[in-house]
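Labels below follow one simple rule: chain letters A, B, ... track the order of the sequence lines, proteins then strands, and each chain is numbered from 1. All figures in this text were calculated on a predicted structure; none of them were measured in a lab.
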Number of protein chains: 2
Amino acid sequence: MARTRDPAVRSLLLDRAAQMLRAREPVTLRTLVAGTGVSTMAVYTYFGSMDGLWKALRQEGFTRLATKLAAVSMSADPVRDLAALGAAYLSNALENPDLYRVMFDAGFELEDADAADEALHGLVRAVERAKTAGRFRDDVVPLELATQSWAIGHGLASLVATGPLPHQALAHAVPMLTALFISAGDDPSRCRRSVGHGWEQTPPAGVRLS
Amino acid sequence: MARTRDPAVRSLLLDRAAQMLRAREPVTLRTLVAGTGVSTMAVYTYFGSMDGLWKALRQEGFTRLATKLAAVSMSADPVRDLAALGAAYLSNALENPDLYRVMFDAGFELEDADAADEALHGLVRAVERAKTAGRFRDDVVPLELATQSWAIGHGLASLVATGPLPHQALAHAVPMLTALFISAGDDPSRCRRSVGHGWEQTPPAGVRLS
DNA sequence: CCTGAAAGCATAGCGATGCTATGTATTCTG
DNA sequence: CAGAATACATAGCATCGCTATGCTTTCAGG
């Protein structure tokens with residue numbers, strides 16, 4: 001009844017946009033399609049508008065993040081897992097700093113919030129396991145501690161991705177998360193070991209601990 | 001020798017830009033000067049380019065932040081002062097969320113880094129006083145702890161200013177800073193009191209503790 | 001098998017963008 | 001009190017995101 005839409009074109013445009021972002025090239029409607037063989041109208045067929053492209057790019061960023069977080073294997077030590085998730089979060093932000101910036105720029109909307117919530121759920125479940133295991137106090141609210149861990153990760157990732165802090169600053173996550181988990185009731189020396197092991201599972205490239 | 005440049009025009013344009021930002025109106029060259037009586041060329045006389053205007057707007061944001069931080073009166077309790085500085089930081093971000101976003105968007109540059117460093121110095125000095133007062137361990141590196149405090153503040157401020165978290169989330173700063181300062185060696189119950197008092201000095205409007 | 005309709009998508013052109021070239025007005029300097 | 005340098009208004013440029021138009025492709029119904 002009609003010409004079929006080619007999903008490969010959609011991926012092509014998204015990948016090219018991400019690549020141009022990484023190369024610090026301005027991503028405009030015309031520069032995006034230049035050299036791809038497709039015309040500017042393709043962007044409107046697949047994304048509706050240029051804004052739709054950015055939205056899709058944010059979704060792509062959240063998808064990559066979710067994949068990265070899902071790749072973290074859970075262990076019998078939930079505190080270790082929390083640190084490993086934090087390390088994976090920072091690794092992802094360091095590997096795709098431009099995508100990370102797009103994810104949290106002014107255009108954040110409802111669908112993005114859903115994607116963010118989904119990524120947060122892994123943290124919440126790890127906190128719950130830590131409570132069950134007796135590592136955290138009973139009065140710890142999982143969602144709150146998960147949100148606080150997220151704020152630490154995002155604070156560091158954002159300051160590094162936007163420029164004010166050097167990559168090395170991501171290492172601050174280790175003492176900061178340790179402090180947070182100890183305040184949640186974990187035994188200090190045991191916590192330090194757990195966080196250290198978790199961090200080593202997916203440490204951001206080129207960031208070594210002091 | 002030449003027609004004199006009127007500083008009032010510069011302020012007018014900056015204020016108007018900040019106001020349009022708050023009102024969620026698009027800030028473009030033509031909409032910015034519309035109704036002001038000045039022409040588009042004025043923007044190039046005072047800021048060199050539209051990018052220069054954004055840079056000046058970032059500086060304005062850092063200046064407001066520095067003013068807000070400078071207004072925090074230091075006390076005999078350096079940990080209280082650290083919390084008060086954190087509260088002032090978050091108050092500023094909550095009052096000017098759009099300006100805060102502009103401050104830390106992709107255009108961050110060297111001069112901005114200087115302005116940020118200057119604002120951080122107050123934190124560093126407070127950490128040093130806390131060490132002198134015996135509240136923090138000797139092995140605490142002031143710049144590192146100050147940076148970590150900043151990361152907490154920025155993480156929360158950024159997540160609130162860009163949308164993912166509600167204003168209430170700023171209250172997380174209290175337990176997070178408390179955990180950080182305790183990990184630096186402060187006595188737990190004393191730390192909780194100090195942070196509580198510091199927070200009350202400049203609490204972000206409409207954010208109450210749980 | 002056609003054939004008609006619906007969707008993909010290339011071309012061209014719209015208003016609005018940031019910016020610059022040019023001319024005029026203004027004001028401090030020697 | 002001239003002369004020159006600076007401020008700034010006007011107009012026009014390339015490029016931006018977007019849309020109107022029409023050609024092309026592909027599948028459904030007879």
Side-chain angles (χ1 to χ4, degrees), chain A residues 1-60 98-99 101-102 105-109 111-112, chain B residues 1-60 98 101-102 105-109 112:
Chain A
M1 191 179 183
R3 189 167 167 182
T4 71
R5 195 177 295 190
D6 183 4
V9 175
R10 197 188 130 96
S11 301
L12 176 85
L13 291 175
L14 272 182
D15 286 347
R16 181 166 163 78
Q19 176 192 343
M20 294 177 74
L21 228 58
R22 214 169 312 141
R24 298 274 191 279
E25 298 166 7
V27 180
T28 74
L29 175 63
R30 287 172 177 80
T31 62
L32 179 65
V33 300
T36 62
V38 304
S39 80
T40 59
M41 272 305 295
V43 173
Y44 292 86
T45 298
Y46 291 98
F47 304 104
S49 68
M50 215 42 188
D51 202 72
L53 174 88
W54 293 112
K55 197 180 297 188
L57 217 46
R58 271 198 296 279
Q59 291 276 353
E60 169 73 14
D98 313 274
L99 210 54
R101 255 188 280 118
V102 172
D105 73 1
F108 203 89
E109 283 173 24
E111 330 173 17
D112 306 318
Chain B
M1 190 176 181
R3 188 167 167 184
T4 71
R5 196 177 294 190
D6 184 4
V9 174
R10 197 189 129 95
S11 300
L12 177 86
L13 291 174
L14 271 182
D15 286 349
R16 182 167 162 78
Q19 174 192 344
M20 293 178 73
L21 227 58
R22 226 185 333 254
R24 297 275 192 276
E25 299 166 7
V27 180
T28 74
L29 176 63
R30 287 172 176 78
T31 61
L32 179 64
V33 301
T36 63
V38 304
S39 80
T40 59
M41 272 304 295
V43 173
Y44 291 86
T45 296
Y46 291 97
F47 305 104
S49 68
M50 215 41 191
D51 202 72
L53 174 89
W54 292 112
K55 195 181 298 188
L57 218 46
R58 271 198 297 279
Q59 291 276 352
E60 170 72 16
D98 314 275
R101 255 189 279 119
V102 172
D105 72 1
F108 202 91
E109 285 174 19
D112 305 319

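The shortest distance between side-chain heavy atoms of B/Arg24 and B/Asp98 falls below 4.5 Å. A heavy-atom distance below 4.5 Å is not found between the side chains of B/Leu57 and B/Val27. Residues B/Leu53 and B/Leu32 form a side-chain contact, since some pair of their non-hydrogen atoms from C-beta on lies under 4.5 Å apart.
One interatomic measurement links the two molecules: CG of B/Leu29 to P of D/dC16, which rounds to 17 Å at whole-angstrom precision. Distance CG (A/Leu32) to P (D/dT15): 17 Å, rounded to an integer number of Å. What separates CZ of B/Phe47 from P of D/dA7 is a distance of 13 Å, to the nearest Å. Computed from coordinates, the A/Arg5 CZ to C/dG8 P distance equals 4 Å when rounded to whole Å. Atoms CZ (B/Arg10) and P (D/dA7) sit 13 Å apart, rounded to a whole Å. Rounding to whole angstrom units, CG of residue B/Asp6 and P of D/dA9 are separated by 12 Å. Between B/Leu12 atom CG and D/dA7 atom P the separation is 17 Å, expressed in whole Å. For B/Glu25 and C/dT17, the CD to C1' distance is 17 Å, given to the nearest whole Å.
In this structure, the separation between CG on B/Leu14 and CZ on B/Phe47 is 4.0 Å, given to the nearest 0.5 Å.
The side chain of A/Thr31 sits closest to D/dC16 out of C/dA12, C/dC19, D/dC16. Closest contact between the side chain of B/Thr4 and the listed nucleotides D/dC27, C/dC28, C/dG8 involves C/dC28. Nearest to the side-chain atoms of A/Tyr44 among the listed nucleotides C/dA10, D/dT19, C/dT20 stands D/dT19. Distance from the side chain of B/Val38 is smallest to D/dA9 among D/dA9, D/dC18, D/dC8. Listed nucleotides D/dT10, C/dG8, D/dA7 differ in distance to B/Thr40; the shortest reach to its side chain belongs to D/dT10.
Residue A/Thr45 has no polar side-chain atom (N or O) positioned under 4.0 Å from OP1 or OP2 of C/dG8.
Scanning all heavy atoms of the two residues, the minimum distance from B/Gln59 to B/Asp112 falls at NE2-OD1, 4.0 Å. Here the closest heavy-atom approach between residue B/Met20 and residue B/Pro26 is recorded as CE-O, 3.5 Å.
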With the criterion being N/O to N/O and under 3.5 Å, what pairs connect the protein with nucleotides 21-25 of chain D, and how long is each?
none

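Across all strands shown, B/Ser39 has heavy atoms under 4.0 Å from base atoms, whether or not it also approaches the sugar-phosphate. Using a 4.0 Å heavy-atom distance criterion, A/Val43 is classed as making no nucleic acid contact.
Using a 4.0 Å cut-off between charged side-chain N and carboxylate O, B/Arg101 and A/Asp105 make no salt bridge.
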